[in-house]
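All chains are named by letter (A, B, ...) in the order of the sequence lines, taking the proteins before the strands, and each is independently numbered beginning at 1.
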There are 2 protein chains.
Amino acid sequence: MAAPDQPIFGALAESLGFLLRLAQLQAFDEYFSAEGSPEHGPGEMSILLMIDANPMIRQGVLARALRIKRAHMTKIIQSFDRAGLVQTSVPADDRRSLELTLTPAGKDRLARVWDRVSLNELGRPGNLTQRETDTLKRLLRKYLSIAAPAEGADA
Amino acid sequence: MAAPDQPIFGALAESLGFLLRLAQLQAFDEYFSAEGSPEHGPGEMSILLMIDANPMIRQGVLARALRIKRAHMTKIIQSFDRAGLVQTSVPADDRRSLELTLTPAGKDRLARVWDRVSLNELGRPGNLTQRETDTLKRLLRKYLSIAAPAEGADA
DNA sequence: TATTGTTATACTCTATAACTATA
DNA sequence: TATAGTTATAGAGTATAACAATA
C-alpha cells in the first residue's frame with residue numbers, strides 16, 4: 001500500500017463536516033487567487049455584506065448570524081469604525097446595544113472589494129455545471145435555514 | 001428598516017464561498033456540541049483520518065490534499081510523533097521525504113474520537129432529508145474532484 | 001439575574017521567508 | 001536548480017472568562 005500522489009479520502013469523503021471544510025478552503029483559494037492579499041478576509045467581508053443588507057443591525061445579532069464570537073466582533077467593528085467604514089449608534093430602547101450601519105465610505109469599500117471577489121467566484125464554480133451549482137447553493141441554504149435571495153437579486 | 005433578529009443574508013445567500021463557510025461553521029458546531037473540548041480539532045482529525053486511509057503517505061502529499069501548509073503540517077506531525085500516534089520513516093528512493101503511518105495507539109485514538117464525532121454528525125444533517133444529504137455530499141465531492149467512497153464503506 | 005458589549009489572555013491556524021539536505 | 005521538510009516570525013481567527021452598564 002504505497003502512498004499515491006492522489007490519496008484516498010476514505011471516511012472524509014463521507015463526512016459532511018469535512019467535505020464542507022475542504023470545499024470552503026478550495027472556494028476561498030479560488031476566490032482570492034488572482035489578487036495577492038485582499039483588503040478584507042472572508043470574515044470581515046461577510047460582516048460588511050451583512051451590515052449593508054441590514055442597516056441598523058445590532059452587533060449581537062450580527063455576531064450570532066455569522067457565528068463570530070462577540071469578543072472578536074467587537075475588535076472588528078472597532079477597526080471598521082476607526083477606518084470610517086461603519087457608523088454606530090445606541091438605540092433608545094436598549095442602551096446596552098450598538099446599531100451598525102455602513103458609511104458611504106463603507107459602501108464604496110464593499111462595492112469595490114465585492115465586485116472583484118464575486119467576479120472571481122462566479123467565473124468558476126469548480127467542476128460543477130450551472131444546474132449543479134444552483135442545487136448545491138439551494139441545499140446549503142436549506143441546511144443553514146437561510147432564505148433564498150430575492151428574484152433577480154445580484155449575486 | 002429596523003434590524004430583525006433574523007437578518008437578511010442578501011448577497012451572502014448567493015455566494016457559494018460564503019454559504020460553504022457558514023455551513024462549515026454550523027457543521028462543526030453540531031459536531032463538537034455535546035463534548036466540551038474535543039481532543040483534536042477538525043484539522044488534526046482530518047490528518048489522522050487521512051493517514052489511516054493511506055498508510056505510508058508522504059507528508060507533502062498529505063499537506064496538499066488537506067490544504068494545510070507544509071510548515072504547519074510539520075508542527076502537527078511532530079506533536080503526533082511525540083504523542084506516539086504516528087510512526088515516521090524515510091523512503092529509500094527519496095531521503096528528503098517522510099512517510100507517515102498510524103501506530104496502534106494512533107489507531108486507537110482515532111477510533112475513539114471519530115466514533116464520537118461521526119455519531120454526532122450522522123445523527124443530524126441539519127434540516128435535510130437523507131436524500132438531500134446524499135446529494136449535497138455528492139456535489140461537494142464533485143466540486144472537490146474527490147472520488148466517492150467504496151460501496152458499503154463506513155461513514 | 002440575565003444580557004450587551006468590552007477587555008484581556010491564550011491557543012490554533014495561516015502566511016511567509018530563509019534554511020538544510022537531498023534530488 | 002528544484003523539492004521535502006524544517007525553523008522562525010508575524011498575523012488572523014477563535015475560545016474563554018471576567019467586568020461594567022443596562023435590562
Side-chain angles (χ1 to χ4, degrees), chain A residues 3 5 18 21-22 24-29 31-33 35-47 51 56-83 86 88-100, chain B residues 3 5 18 21-22 24-29 31-33 35-48 51 56-82 86 88-100:
Chain A
D5 203 74
F18 284 102
R21 176 186 157 87
L22 291 174
Q24 191 240 354
L25 292 174
Q26 175 169 311
F28 282 103
D29 271 5
Y31 231 69
F32 301 115
S33 52
E35 290 297 318
S37 42
E39 236 155 348
H40 300 286
E44 292 187 2
M45 274 299 300
S46 65
I47 292 171
I51 301 177
M56 308 292 275
I57 191 172
R58 301 203 180 177
Q59 194 167 300
V61 173
L62 182 58
R64 268 191 301 278
L66 297 178
R67 294 170 194 275
I68 291 172
K69 288 283 178 298
R70 283 181 311 157
H72 189 203
M73 184 62 78
T74 292
K75 285 188 287 189
I76 298 173
I77 294 302
Q78 285 176 342
S79 82
F80 283 170
D81 193 22
R82 278 195 300 274
V86 300
T88 66
S89 58
V90 175
D93 70 307
D94 185 347
R95 306 213 329 272
R96 295 171 305 182
S97 298
L98 256 192
E99 292 171 335
L100 309 174
Chain B
D5 202 76
F18 285 103
R21 177 187 158 86
L22 291 174
Q24 192 240 357
L25 291 174
Q26 176 169 310
F28 282 102
D29 271 6
Y31 233 69
F32 301 115
S33 52
E35 290 298 317
S37 43
E39 236 153 347
H40 301 285
E44 293 188 0
M45 272 299 300
S46 65
I47 292 172
L48 291 175
I51 302 178
M56 310 291 276
I57 191 172
R58 300 204 181 178
Q59 194 168 301
V61 174
L62 183 58
R64 270 191 301 279
L66 297 177
R67 294 171 193 274
I68 292 172
K69 287 283 178 296
R70 284 179 312 156
H72 189 204
M73 184 62 77
T74 292
K75 286 188 284 189
I76 297 173
I77 295 301
Q78 286 176 342
S79 82
F80 283 170
D81 194 19
R82 278 194 301 274
V86 300
T88 66
S89 57
V90 176
D93 69 305
D94 186 346
R95 305 213 327 272
R96 295 171 304 183
S97 298
L98 257 192
E99 292 170 334
L100 309 174

| request: Compare every heavy atom of A/Phe18 with every heavy atom of B/Pro42, then report the nearest pair and how far apart it is. | output: O-CE2, 3.2 Å

| Tell me: CZ of B/Arg58 to P of D/dT3, nearest whole Å? | 15 Å

| remark: Looking only at heavy atoms, the pair that brings A/Leu25 and B/Leu66 closest together is CD1-O, 3.9 Å

| remark: Between B/Gln26 and A/Arg67 the two heavy atoms that sit nearest each other are OE1-NH2, 2.8 Å

In a table with atom names and distances, give each donor-acceptor pair under 3.5 Å that connects a side chain of residues 68-82 of chain A to protein atoms at least two apart or in another chain.
| unit_1 | atom_1 | unit_2 | atom_2 | d |
| --- | --- | --- | --- | --- |
| A/Thr74 | OG1 | A/Gln59 | NE2 | 3.4 |
| A/Thr74 | OG1 | A/Arg70 | O | 3.2 |
| A/Ser79 | OG | A/Ile76 | O | 2.8 |

| note | Rounded to whole Å, the CG-C1' distance (A/Leu25 to C/dT14) equals 11 Å

| query | Starting at the 5' end of DNA chain D, which residue's closest nucleotide do you reach first, A/Pro91 or A/Ile68? | reply | A/Ile68

| Heavy-atom pair of closest approach, residues A/His40 and A/Met45 | O-CG, 3.8 Å

| note | When rounded to whole Å, the CG to P distance for the pair B/Asp81 and D/dG5 reads 14 Å

| To the nearest Å, how far apart are A/Leu62 CG and C/dT3 P? | 19 Å

| Point-to-point distance, once rounded to the nearest 0.5 Å, from OG1 of A/Thr88 to CG of A/Leu98 | 5.0 Å

| Rounded interatomic separation in angstrom, taking CG from A/Asp93 and P from D/dA21 | 20 Å

| request: Name the residue closer to the 5' end of DNA chain C, choosing between A/Glu99 and A/Arg21 according to the nucleotide with the nearest heavy atom. | output: A/Glu99

| Between A/Lys69 and D/dA15, is there a side-chain N or O to OP1/OP2 distance below 4.0 Å? | yes

Donor-acceptor pairs are to be reported for all side-chain atoms of residues 89-96 of chain B against protein atoms at under 3.5 Å, with residues two or more places apart or in another chain.
| unit_1 | atom_1 | unit_2 | atom_2 | d |
| --- | --- | --- | --- | --- |
| B/Ser89 | OG | B/Glu99 | OE1 | 3.0 |
| B/Asp93 | OD1 | B/Arg58 | NH2 | 3.0 |
| B/Asp94 | OD1 | B/Arg96 | N | 3.0 |
| B/Asp94 | OD1 | B/Arg96 | NE | 3.1 |
| B/Asp94 | OD2 | B/Arg96 | NH2 | 3.1 |

Mind listing the N/O atom pairs, protein and nucleotides 6-8 of chain D, below 3.5 Å?
| unit_1 | atom_1 | unit_2 | atom_2 | d |
| --- | --- | --- | --- | --- |
| D/dT6 | OP2 | B/Gln59 | NE2 | 2.8 |
| D/dT6 | OP2 | B/Thr74 | OG1 | 2.7 |
| D/dT7 | OP2 | B/Gln78 | NE2 | 3.0 |

| note | From CZ of A/Phe80 across to C1' of D/dA12 the rounded distance in Å is 13 Å

| So which nucleotide from D/dT22, D/dG5, D/dT14 ends up closest to the side chain of A/Arg95? | D/dT22

| note | Whole-Å distance, B/Glu44 CD to D/dT14 P, equals 17 Å

| request: Mind calculating the distance between CG (A/Asp29) and P (C/dC13) to the nearest angstrom? | output: 17 Å

| request: Determine whether any donor atom in the side chain of B/Arg96 lies under 3.5 Å from an acceptor atom in the base of D/dT3, or the reverse, and answer yes or no. | output: yes

| request: Among C/dA23, C/dG5, D/dG13, find the nucleotide with the atom closest to the side chain of A/Ser97. | output: C/dG5

